[in-house]
Amino acid sequence: MRALLLPHSQLGPTRSWVRTQIRALGSAAAPAQEFARLQHADIEPSPAFAAAETSWPTQPPRPAPQPSSTATSDSTAPTKKTARKPRPRKAVLTLLPAALDRLRLIQSTEGKLIKVSVVAKGCAGGAYKLEYVDRVDKFDEVVEQDGVKVLVDAKSLMKLIGSKMSYQDDLLASRFVFDNPNVVSTCGCEESFATKEDEERLLKLTN
């Protein structure tokens, strides 16, 4: 804080009241305010007063506020929801090479499809049934692999899901065979079998 002191001879007798007011205010900004007031009042200051006004200290501009270092763009940006990937569907029936060759031969000669189902039969409770069909029913499951189509009966899906189908040709017989993970027991002759679904249904009946 400093006051402007100018000789009375330089300001002239008409400026003495300015000097008194500046000393009373005692701030660096006061001379500039008085000078502006003199301009609006049509009072022209002396050259010495104008030269002294240019040397008054000015207050430096305040620095702009800096963003906080802890704030990140990720905190304000909307989070994108990642699409959930669908789980791979378990194959109802997988056709092994021997079954593919036999089915391809049947379809080329007979011109029909083979439908696989599980029917109630035998002492264990169920057996595989394969039959020729000309058309696909509404609820049949179509298994297509390497250009070969096989139908699975809708009522037998839970008993066949995950099975592998092959073809066996030996001295005793030629037939399609199945490796079924749902089978829990078979009869002595292995012509019939029971699945997890059969055991659960039997358990409900006994309880």
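In this text the structure is predicted, and so the values were computed from the model without any measurement. Values below: every heavy atom of this structure, side chains too, minus hydrogens, waters and symmetry copies.
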(message) Check this for me: does any side-chain nitrogen of one of R135 and D137 sit under 4.0 Å from a carboxylate oxygen of the other?
(response) yes
Are [X] and [Y] connected in the hydrophobic side-chain network, where two residues link if heavy atoms are under 4.5 Å apart?
| X | Y | answer |
| --- | --- | --- |
| V177 | V183 | no |
| Y128 | I161 | no |
| L105 | V133 | no |
| I114 | L96 | no |

Can you tell me how far the [atom1] atom of [X] sits from the [atom2] atom of [Y], to the nearest 0.5 Å?
| X | Y | atom1 | atom2 | answer |
| --- | --- | --- | --- | --- |
| L130 | I106 | CG | CD1 | 8.5 Å |
| E131 | K112 | CD | NZ | 11.0 Å |
| S166 | F178 | OG | CZ | 10.0 Å |

(message) Any non-hydrogen side-chain atom of K129 less than 4.5 Å from a side-chain atom of S117?
(response) yes
(message) Measuring only between side-chain heavy atoms, which start at C-beta, is L113 closer than 4.5 Å to Y132?
(response) no
(request) I would like to know whether L160 and L93 meet side-chain contact (heavy atoms from CB on, under 4.5 Å); could you show each step before the answer? (result) CA-CA 7 Å; L160 287 171; L93 188 63; 5.5 Å; no
Mark yes or no for whether [X], through its side chain, and [Y], through its backbone, hold a donor-acceptor pair below 3.5 Å.
| X | Y | value |
| --- | --- | --- |
| R104 | G147 | no |
| S163 | N180 | no |
| D153 | K115 | no |
| Q107 | K149 | yes |

(message) Please verify the inter-ring angle class for F176 with Y167; under 30° counts as parallel, over 60° as perpendicular, anything in between as tilted.
(response) perpendicular
(message) side-chain contact (heavy atoms from CB on, under 4.5 Å), that's the test. Do N182 and M158 meet it? Break it down for me.
(response) CA-CA 8 Å; N182 304 293; M158 298 308 297; over 6 Å; no
(request) Evaluate the side-chain contact (heavy atoms from CB on, under 4.5 Å) criterion for residues L151 and V142: first the C-alpha distance (whole Å), next the side-chain angles of each, then the deciding distance (0.1 Å), finally the verdict. (result) CA-CA 5 Å; L151 305 182; V142 180; 3.8 Å; yes
(request) Identify the heavy atoms of A99 and M165 that sit nearest to each other, and give their distance. (result) CB-O, 3.3 Å
(request) Of all the heavy-atom pairs spanning C123 and S192, show the shortest one and how long it is. (result) N-OG, 3.5 Å
(message) Apply side-chain contact (heavy atoms from CB on, under 4.5 Å) to residues L103 and Q145 and explain how you reach the verdict.
(response) CA-CA 11 Å; L103 289 169; Q145 183 179 329; over 6 Å; no
